[in-house]
Protein chains: 2
Amino acid sequence: MVFPDRGASAPYAQVKQHLKDQLSRGLWPPGTLMPSEAQLVAQFGVSRMTVNRGLRELQAEGLVDRVQGVGTFAAQPWRATSTLTIRDLHSEIVERGHRHNAKVYLAREEPAPATLAQRLGLAAGTAVFHTLIVHFENDVALQCEDRYVNPACAPGYLQVDFTQTTPTQYLLEVAPHWEAQYSIEASAATAREARLLAIERHEPCLVVVRRTVSRGVPITIARLVHPGSRYNLQGELRP
Amino acid sequence: MVFPDRGASAPYAQVKQHLKDQLSRGLWPPGTLMPSEAQLVAQFGVSRMTVNRGLRELQAEGLVDRVQGVGTFAAQPWRATSTLTIRDLHSEIVERGHRHNAKVYLAREEPAPATLAQRLGLAAGTAVFHTLIVHFENDVALQCEDRYVNPACAPGYLQVDFTQTTPTQYLLEVAPHWEAQYSIEASAATAREARLLAIERHEPCLVVVRRTVSRGVPITIARLVHPGSRYNLQGELRP
DNA sequence: CAGTGGTCTAGACCACTGA
DNA sequence: CAGTGGTCTAGACCACTGA
């Protein structure tokens with residue numbers, strides 16, 4: 001039995017992989033002019049659209065720079081940005097085969113302090129929803145989630161049972177597409193957070209602050225505090 | 001004066017943007033079947049390759065799932081991974097218009113401890129290069145860089161003047177293309193790190209551990225310790 | 001079987017660059 | 001001006017899916 005095409009990937013992928021190999025061998029140091037589309041067409045015996053697709057994907061990956069009217073240049077590889085997956089804690093825990101549960105310490109409506117109101121695009125003093133939830137993996141506290149929600153975006157927020165679903169999951173249903181900005185820093189937990197997470201007062205914590213926007217409207221701001229000894233983020237950079 | 005095409009982007013980009021808008025309006029909830037390429041060809045009056053490119057890019061962005069023989073489906077937007085730029089500290093400081101300088105506390109050859117040797121793909125006890133450098137922004141300590149280097153990849157490493165260039169910059173010249181794995185966590189500095197960074201013994205620090213590999217060969221492992229009060233990472237997620 | 005997406009072709013027109 | 005990349009077209013063949 002013959003397997004047609006087994007092991008042989010699509011032509012555009014071959015062109016792309018060939019250039020990638022040469023780049024990683026240092027054949028074209030950063031900034032060097034690489035072969036033109038026409039040259040690659042001749043070299044590989046494929047159409048220009050095929051070569052173009054390979055080059056376009058290399059450009060999307062940050063491996064080459066292309067300038068109309070000039071040519072294609074090897075890029076500085078470290079400009080490639082790395083991808084970091086910040087996943088829903090619930091799915092992360094479940095995927096490890098562990099048990100996730102949550103304790104809700106607060107779920108109420110409050111007038112928004114000035115700074116917060118501004119970041120949510122609301123007038124100071126406007127009522128916002130505020131929840132404080134601790135998430136456990138196999139009964140070990142992993143995250144303290146202090147969250148404010150724009151009521152206009154999720155009117156039913158306070159009626160949700162957050163021992164059964166997470167705010168993230170619920171908000172995704174209400175406002176399916178979104179953008180987020182986040183910052184990651186190390187700091188000590190507040191006294192209350194330390195108590196809720198059952199850690200010592202000065203244990204270093206990984207703090208992620210995330211602001212979520214959907215179609216220009218701020219939806220929610222969350223401060224996610226993780227004990228440094230129990231949680232880390234992993235990622236990779238792969239040109 | 002007429003500006004031809006001003007404001008009107010390429011047809012494939014229009015198709016893509018149109019679908020993106022509809023998705024963000026919630027027209028197709030996650031998992032829903034979206035229009036086929038043939039339908040979009042009819043709707044937009046463009047060729048199939050044009051529609052295909054728009055859809056392919058949406059797929060690359062994680063906004064749709066495409067299954068051959070079945071169709072195109074709206075994806076779960078939160079599966080999109082966010083990009084986090086971890087930049088060279090030197091360029092970051094210079095770009096802020098500030099002054100960067102470095103103090104080299106250690107630069108020598110050492111026998112590698114077992115764990116480290118394993119992570120560098122070397123036999124235990126093999127000689128490796130070890131540097132300990134503190135980086136300052138306007139004379140404030142921002143990062144303590146504890147780095148081990150595989151001598152085979154950068155034989156001249158110890159001869160470099162690291163007050164003039166950074167290990168990252170130098171290693172990039174020696175081994176231009178690479179992959180990296182990293183983890184980010186919060187922990188206390190060691191006693192020595194606290195002293196070098198001029199911080200209190202228990203100040204929370206953001207610790208990035210990065211292992212760099214080029215063409216399958218480990219090049220270097222670095223532990224980058226940042227005082228939590230002086231440094232954070234920022235990123236965004238943008239479906 | 002009809003419908004889907006994956007890919008390629010051989011040509012085309014264009015904007016842009018630098019000599 | 002010749003050379004470059006950016007994009008589109010109208011067709012093609014294919015693998016795959018589910019009825």
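Letters go in sequence order (proteins before strands), and every chain restarts at 1.
Here A:D139 pairs with A:R99 under the salt bridge (charged side-chain N to carboxylate O under 4.0 Å, His left out) rule; sequence neighbours left out. Applying the salt bridge (charged side-chain N to carboxylate O under 4.0 Å, His left out) criterion to B:R210, with sequence neighbours excluded, gives no partner residue. A:S183 pairs by the side chain to side chain donor-acceptor pair (under 3.5 Å) definition with nothing, not counting sequence neighbours. In this view, A:R53 and A:E57 satisfy the salt bridge (charged side-chain N to carboxylate O under 4.0 Å, His left out) rule, not counting sequence neighbours.
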Show each protein N/O and nucleotides 3-7 of chain D N/O combination with a separation under 3.5 Å, one pair to a line.
residue : atom : partner : partner atom : Å
D:dG3   : N2   : A:G69   : O            : 3.0
D:dT4   : OP1  : A:S36   : OG           : 3.4
D:dT4   : O2   : A:G69   : N            : 3.1
D:dG5   : OP1  : A:T72   : OG1          : 3.0
D:dG5   : OP2  : A:E37   : N            : 2.9
D:dG5   : N7   : A:R48   : NH2          : 3.4
D:dG5   : N2   : A:Q68   : NE2          : 2.7
D:dG6   : OP2  : A:R66   : NH1          : 2.7
D:dG6   : N7   : A:R48   : NH2          : 2.5
D:dG6   : O6   : A:R48   : NH1          : 2.8
D:dT7   : OP2  : B:R53   : NH1          : 3.3
D:dT7   : OP2  : B:R53   : NH2          : 3.0
D:dT7   : O4   : A:R48   : NH1          : 3.3

Intra- and interstrand pairs of DNA chain C - dot-bracket, Watson-Crick/G-U under 3.5 Å, | marks other strand: ||||||||||||||||||.
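The interatomic distance linking B:L33 (CG) with D:dG18 (P) rounds to 12 Å, in whole Å.
Using modelled atom types and a 3.5 Å distance limit, the side chains of B:H135 and B:E145 yield a donor-acceptor pair. For the residue pair A:R66/A:T72, the side-chain donor-acceptor check at 3.5 Å is satisfied. No donor-acceptor contact under 3.5 angstrom links the side chains of A:Q14 and A:H18, judged on distance only.
Counting non-hydrogen atoms of other residues, nucleotides and ligands closer than 6.0 Å to CD of B:Q118 gives a total of 12 or fewer.
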